[in-house]
Enquirer: 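There's a structure below that I have some questions on.
A note on names: the letters A, B, ... follow the listed sequences, proteins ahead of strands, and every chain is numbered from 1.
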There are 2 protein chains.
Amino acid sequence: MALPRAARTQRRTRIQEEKEERILEAALEVFSLHGFRGATVDQIAEVAGMSKPNLLYYFRTKEAMHRALITRVLDTWLDPLREFDAGGNPVSEIRSYIRRKLEMARDFPRESRLFANEILQGAPNIEDELKGPLKALVDEKAEVIRAWAKAGKIAKCDPYHLIFSIWSTTQHYADFDVQVRAVLGQDQAGDGRFEDAARFLEQLFVTGLGISEQPA
Amino acid sequence: MALPRAARTQRRTRIQEEKEERILEAALEVFSLHGFRGATVDQIAEVAGMSKPNLLYYFRTKEAMHRALITRVLDTWLDPLREFDAGGNPVSEIRSYIRRKLEMARDFPRESRLFANEILQGAPNIEDELKGPLKALVDEKAEVIRAWAKAGKIAKCDPYHLIFSIWSTTQHYADFDVQVRAVLGQDQAGDGRFEDAARFLEQLFVTGLGISEQPA
DNA sequence: TGTAATGTTTACCAATCGGTCAAATTATCA
DNA sequence: TGATAATTTGACCGATTGGTAAACATTACA
């Protein structure tokens with residue numbers, strides 16, 4: 001018989017570790033390319049190099065795979081924001097936050113697209129996590145930014161929309177990669193586009209948030 | 001017999017006009033919510049208030065509907081960029097471009113999500129249009145911006161990444177609406193968020209692009 | 001009004017989907 | 001080694017999918 005994942009009390013087998021990892025890797029590949037509905041279990045099984053029933057032995061449903069992936073991705077996706085340091089220098093904190101987010105868009109585009117897909121579909125599976133942990137974290141960091149602005153260390157601005165704009169500009173290079181490449185053309189679409197983007201965004205945000213005599 | 005759309009030489013019937021419009025409206029609703037693969041013809045037919053075979057009489061395949069929608073959306077989506085005036089005042093041109101894009105995100109979120117979905121999936125159906133007309137238009141406007149920078153009217157910056165950042169920040173409020181609402185919470189998630197966003201983005205870009213002594 | 005073109009519906013189909021089952025195989029360890 | 005638990009597979013199932021065929025109804029127009 002042997003019950004898979006769900007009803008286990010003992011610790012995981014070596015085989016379980018390996019296979020579950022292979023499956024999630026394959027699922028990330030397929031889900032990020034075709035979305036949840038567009039991905040098929042057969043596809044994932046093929047990419048993972050195993051039969052469909054074998055895959056379903058480890059994850060009982062397609063949704064279980066997706067849930068495992070989404071929660072994992074959401075967690076690591078927020079790491080850069082967690083590193084945001086209230087005690088640091090405002091400008092350099094924002095600058096390195098942008099840099100880290102851009103690096104994630106470059107190095108983990110599949111994770112970014114998986115997340116984007118989920119949000120686009122209305123986030124049916126992670127609405128609670130958005131309204132809970134995500135909101136809490138953003139609230140906390142927004143308060144830091146607001147304090148910086150109040151102290152005159154950066155320009156007065158809405159901290160939430162500042163965070164949104166950093167998210168959107170950086171993730172754009174992962175989620176809309178096809179469009180970016182199409183517009184830049186073959187010559188400019190090499191890996192240098194991330195350095196160009198970094199330079200531009202740094203200039204935009206640092207200058208845009210530099211101390212200035214904005215009215216309230 | 002009666003051949004639908006494809007093989008007609010005469011002008012369209014009144015019924016055809018009406019029905020095709022109703023179908024595309026329904027298709028936009030469903031496609032933007034669930035993506036291409038996630039949407040079903042039955043769903044679209046139900047939203048359009050007609051039977052599935054009747055719908056397929058006007059659009060022979062699901063893909064035909066999607067193609068008709070995508071090309072239409074891509075076209076109107078570029079309108080704000082077309083209005084970008086080389087002869088105008090640089091700062092106010094950029095400012096009103098941002099405003100127009102943000103208005104589109106507010107008033108036509110379904111169109112934005114449809115487009116985002118297509119790009120996320122690798123733009124299988126519109127790659128040519130991206131590399132062709134879209135790139136041409138962006139190239140043209142980028143040249144205008146570059147000239148402005150060269151003349152010292154705005155800060156020196158990469159015009160392509162400037163355009164990307166305007167696209168991403170504004171469309172974020174349509175495509176990631178669920179996330180934005182979740183983070184802002186019930187109190188702040190009213191329609192006022194678009195005005196707040198407009199104020200923030202205007203400040204960010206105008207200050208960020210203001211004349212400054214950036215090195216080359 | 002008659003009739004031909006246009007439009008609509010009912011019934012249906014083949015393909016694909018997520019998932020099951022029982023038998024066969026392999027790993028584990030006393 | 002032998003027995004027990006864990007893993008893998010091929011065959012299969014019901015539901016849903018995109019799309020079709022042909023009968024039926026309606027409209028346009030001479």
Side-chain angles (χ1 to χ4, degrees), chain A residues 1-24 26-27 29-31 33-70 121 124-125, chain B residues 1-24 26-27 29-31 33-70 121 124-125:
Chain A
M1 292 305 129
L3 277 185
R5 290 200 92 223
R8 248 182 290 118
T9 43
Q10 290 178 317
R11 79 176 212 284
R12 293 157 70 203
T13 312
R14 169 185 52 86
I15 296 184
Q16 282 168 15
E17 300 248 19
E18 288 177 8
K19 289 294 171 70
E20 286 175 10
E21 208 49 47
R22 258 173 60 195
I23 291 171
L24 286 183
E29 180 72 23
V30 177
F31 279 135
L33 272 174
H34 304 104
F36 180 75
R37 292 282 309 263
T40 72
V41 178
D42 299 78
Q43 267 181 311
I44 299 174
E46 193 191 330
V47 173
M50 59 181 77
S51 67
K52 182 169 67 169
N54 194 11
L55 183 152
L56 288 169
Y57 170 75
Y58 293 99
F59 292 90
R60 296 235 268 245
T61 66
K62 180 182 173 184
E63 205 189 319
M65 277 182 273
H66 192 250
R67 219 176 317 143
L69 263 182
I70 280 280
Q121 311 303 325
N125 298 315
Chain B
M1 294 305 124
L3 276 185
R5 290 200 92 222
R8 248 181 292 118
T9 43
Q10 289 177 318
R11 80 176 211 284
R12 294 157 71 205
T13 312
R14 169 185 53 87
I15 295 185
Q16 282 168 15
E17 300 247 20
E18 288 176 8
K19 290 294 172 73
E20 286 174 8
E21 208 48 47
R22 259 172 60 193
I23 291 171
L24 287 182
E29 180 72 24
V30 177
F31 278 135
L33 271 175
H34 304 106
F36 180 75
R37 292 282 308 262
T40 70
V41 178
D42 300 78
Q43 267 181 312
I44 299 174
E46 192 191 330
V47 173
M50 59 181 76
S51 67
K52 181 168 68 168
N54 193 10
L55 183 152
L56 288 168
Y57 171 74
Y58 293 99
F59 292 89
R60 295 235 267 243
T61 65
K62 181 182 173 184
E63 206 190 318
M65 275 182 273
H66 193 250
R67 217 175 319 143
L69 263 183
I70 278 282
Q121 311 302 327
N125 297 315

Enquirer: Given atom CG of Leu55(A) and atom P of dT7(D), what is their separation to the nearest angstrom?
Expert: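 My rounded result for the distance is 14 Å.
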Enquirer: Sub-3.5 Å donor-acceptor pair from the side chain of Arg22(A) to the main-chain atoms of Gly49(A), do we have one?
Expert: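 Here the side-chain-to-backbone pair exists.
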Enquirer: Return the value, rounded to whole Å, for the distance between atom CD of Glu18(A) and atom P of dA27(C).
Expert: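 From Glu18(A) CD to dA27(C) P: 12 Å.
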Enquirer: Round to the nearest Å and state the distance from Tyr57(B) atom OH to dT8(C) atom P.
Expert: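 One finds 8 Å between P of dT8(C) and OH of Tyr57(B), rounded.
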Enquirer: Sort me out a list of protein N/O and nucleotides 16-19 of chain D N/O pairs below 3.5 Å, or just none if empty.
Expert:
| residue | atom | partner | partner atom | Å |
| --- | --- | --- | --- | --- |
| dG18(D) | OP1 | Ala39(B) | O | 3.2 |
| dG18(D) | OP1 | Lys62(B) | NZ | 3.0 |
| dG18(D) | OP2 | Val41(B) | N | 3.0 |
| dG18(D) | N7 | Lys52(B) | NZ | 3.1 |
| dG19(D) | OP2 | Lys62(B) | N | 2.7 |
| dG19(D) | N7 | Lys52(B) | NZ | 3.4 |
| dG19(D) | O6 | Lys52(B) | NZ | 3.2 |

Enquirer: Under the rule for side chain to side chain contact (heavy atoms under 4.5 Å, CB included), what residues qualify as partners of Ala27(B), not counting sequence neighbours?
Expert: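 So Ala27(B) forms a side chain to side chain contact (heavy atoms under 4.5 Å, CB included) with Phe31(B), Ile44(B), Met65(B), Leu69(B).
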Enquirer: How many whole angstroms separate atom NE2 of His34(A) from atom P of dC17(C)?
Expert: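 Rounded to whole Å, this separation is 11 Å.
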Enquirer: For dT9(C) and Ser51(B) - does any side-chain N or O of the residue sit under 4.0 Å from the phosphate oxygens OP1/OP2?
Expert: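 For dT9(C), OP1 or OP2 has a side-chain N or O of Ser51(B) closer than 4.0 Å.
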Enquirer: With sequence neighbours excluded, tell me which residues meet side chain to side chain contact (heavy atoms under 4.5 Å, CB included) with Leu33(A).
Expert: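 Counting only residues at least two positions away or on another chain, Leu33(A) forms a side chain to side chain contact (heavy atoms under 4.5 Å, CB included) with Glu29(A).
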Enquirer: Taking 4.0 Å as the cut-off, does a side-chain nitrogen or oxygen of Gln16(A) come that near to OP1 or OP2 on dA6(D)?
Expert: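 For Gln16(A), the contact criterion (side-chain N or O under 4.0 Å from OP1 or OP2 of dA6(D)) is not met.
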Enquirer: In whole Å, I'd like the distance from the CG atom of Asn54(B) to the C1' atom of dT26(D).
Expert: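 Rounding to the nearest Å, CG of Asn54(B) and C1' of dT26(D) are 12 Å apart.
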Enquirer: Looking at Lys19(B), does any N or O in its side chain come under 4.0 Å of the phosphate oxygens OP1/OP2 on dT8(C)?
Expert: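 Yes, such a contact exists.
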Enquirer: What pairs with Arg37(B) under side chain to side chain contact (heavy atoms under 4.5 Å, CB included), at least two apart in sequence or on another chain?
Expert: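 Partners of Arg37(B) by the side chain to side chain contact (heavy atoms under 4.5 Å, CB included) criterion, ordered by chain and then number, come out as Thr40(A).
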Enquirer: Give the minimum heavy-atom separation between Lys62(B) and Phe36(B), together with the two atoms involved.
Expert: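 Shortest heavy-atom contact: NZ-O, 2.9 Å.
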Enquirer: Can you list every pair that meets salt bridge (Lys or Arg N to Asp or Glu O under 4.0 Å) and has a residue in residues 38-53 of chain A, with sequence neighbours left out?
Expert: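 Every pair satisfying salt bridge (Lys or Arg N to Asp or Glu O under 4.0 Å) with a residue in residues 38-53 of chain A: Asp42(A)-Lys52(A).
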